[in-house]
Amino acid sequence: MPDAGPTAVLPRRPLTVGELLDSAVLLLRGQARVLVPLALALAVGEQLLLYPLRLAADVEPPVWFVEFDHFGMYWLLLAVGAATEAMIITLLGNPAARAAGGALFGRTVGPREVLRPAGARWGTTVLLTALVGLVMWVAALFGPAWFIGFALLGAVAPALVVDRVHPLRAPLRAATLAVRGGGRAGGIRLLGYLSWWIVRLGLGIGVYYGLDALDLVDRAWAPWLSLAVWAGVNSVAYPALACLDAVLHLETRMRTEGLDIRLSRARTGTPEAVLLAADR
């Protein structure tokens, strides 16, 4: 029988919103050895990239809040930050999707398998990551359009890695799944982002001011300390969002394409073959 109950990473049935969020955390817990270090390296690179823009926008740590005398540069900073976030989550979505595919069949995918180059489609993942970043940068420049872009592009990596669609089809596949059922998947992705944004904001600001209250913050090093804190917080938040994308993709397929029914009827073939067959 398929895994069921609260301890299953991804039960073979449609899930509630709360169960989806729990499944994403369980998947992250099982893959933390791979996803968190990878996310930390990417988050550090992101903070170093954004630092010159923060200086140009004349904002101060740890909030980096807007100075209206430099609003144009601050808006550019927000747009670049939105693009880098989306790109990192998409990159992490590759190993997260591979792990979620294994979890659907009741097995824990080890680090070696998650990072195995064979079948990972890393080259096309990187190309699509650049496309996602460009789309999100343009969308963020138009303000509210960011919400639409972020909601639609969550399943790009899972569609590429799990569904094995042609790279040019992956964004369309992601958008199609996001709008099904009245935009349920897209809405849940936004909810997940908002939840982790609140957590990130609380930890990022709280840790900094906590150290400052203990007189442990040297003003000369304050910006670098803030960057380190934000990178550490994001090293957990980004893979959590990538795991949410992975489980949400498979759950949406169960809910709208009958993936769970087809899997229960499949008696032969590898898990990958069964998933591909269910997508036809």
Side-chain angles (χ1 to χ4, degrees), residues 17-18 20-22 24-89 91-92 96 136-137 140 143-144 146-147 150 188-245:
V17 174
L20 277 168
L21 297 175
D22 289 342
V25 172
L26 288 173
L27 182 62
L28 173 59
R29 188 173 68 180
Q31 300 298 326
R33 288 180 297 170
V34 173
L35 295 179
V36 172
L38 180 58
L40 179 59
L42 294 170
V44 169
E46 177 193 34
Q47 292 301 314
L48 293 176
L49 174 66
L50 295 177
Y51 184 63
L53 295 177
R54 287 168 172 158
L55 291 179
D58 196 25
V59 291
E60 297 182 356
V63 184
W64 309 104
F65 193 65
V66 59
E67 292 287 344
F68 288 100
D69 291 340
H70 301 84
F71 185 77
M73 183 56 66
Y74 185 77
W75 195 257
L76 177 62
L77 169 65
L78 291 181
V80 174
T84 55
E85 281 186 344
M87 293 173 70
I88 293 173
I89 295 169
L91 282 174
L92 295 173
M136 290 305 302
W137 179 70
W146 174 89
F147 293 95
F150 191 84
I188 292 175
R189 192 181 194 226
L190 287 173
L191 176 63
Y193 181 88
L194 177 60
S195 300
W196 276 103
W197 180 79
I198 294 173
V199 172
R200 290 159 60 194
L201 198 64
L203 289 176
I205 297 175
V207 169
Y208 179 92
Y209 281 126
L211 294 173
D212 190 37
L214 296 174
D215 199 25
L216 297 176
V217 177
D218 187 332
R219 294 303 166 191
W221 290 93
W224 298 104
L225 172 63
S226 181
L227 264 61
V229 171
W230 283 112
V233 171
N234 289 337
S235 70
V236 177
Y238 287 162
L241 290 170
C243 288
L244 177 60
D245 287 340

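This structure is a prediction, so every number in the text was calculated from the model and none was measured.
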- Any chance CZ of F147 has more than 12 other-residue heavy atoms, nucleotides or ligands included, within less than 6.0 Å? no

- Sub-3.5 Å donor-acceptor pair from the side chain of S235 to the main-chain atoms of G232, do we have one? yes

- Pairwise distance CG(D22) to CZ(R29) - rounded to 0.5 angstrom: 10.5 Å

- Task: Before giving the answer on side-chain contact (heavy atoms from CB on, under 4.5 Å), spell out for L227 and R54 the whole-Å C-alpha distance, their side-chain angles and the decisive distance to 0.1 Å.
- Result: CA-CA 11 Å; L227 264 61; R54 287 168 172 158; 3.7 Å; yes

- Y238 and W196 aromatic centres sub-6.0 Å: no

- Task: Report yes if some heavy atom in the side chain of Q47 is under 4.5 Å from a heavy atom in the side chain of N234; otherwise report no.
- Result: yes

- Item | Minimal non-hydrogen separation, G204 against V233, with atom names | N-CG2, 4.0 Å

- Message: Angle between ring planes, F71 versus Y74, binned at 30° and 60°: parallel, tilted or perpendicular?
- Response: tilted

- Note on the structure: Paired with V80, the side chain to side chain contact (heavy atoms under 4.5 Å, CB included) test is passed by just one of L77, L76, L78, namely L76

- side-chain contact (heavy atoms from CB on, under 4.5 Å) evaluation trace for L42 with L92: CA-CA 9 Å; L42 294 170; L92 295 173; 4.2 Å; yes

- Query: Could you go step by step and tell me if V25 and L21 meet the side-chain contact (heavy atoms from CB on, under 4.5 Å) rule?
  - Reply: CA-CA 6 Å; V25 172; L21 297 175; 5.8 Å; no

- Task: Rounded to the nearest 0.5 Å, what's the gap from CD1 on I198 to CG on L201? Could you check?
- Result: 8.5 Å

- Message: Please check: side-chain N/O of S226 versus main-chain N/O of A222, any donor-acceptor pairing under 3.5 Å?
- Response: no

- Message: Please determine whether side-chain contact (heavy atoms from CB on, under 4.5 Å) holds for the pair M136 and I89, giving the CA-CA distance in whole Å, both sets of side-chain angles, and the decisive distance to 0.1 Å.
- Response: CA-CA 12 Å; M136 290 305 302; I89 295 169; over 6 Å; no

- Message: Using only atom types and a distance under 3.5 Å, with no angle test, would you say the side chain of W230 pairs donor to acceptor with the backbone of P62?
- Response: yes

- Message: Checking F150 against W146 for the ring pair (Phe, Tyr, Trp, His ring centres under 6.0 Å) test, could you report, in this order, the C-alpha distance in whole Å, the side-chain angles of both residues, the deciding distance, and whether it holds?
- Response: CA-CA 6 Å; F150 191 84; W146 174 89; 5.1 Å; yes

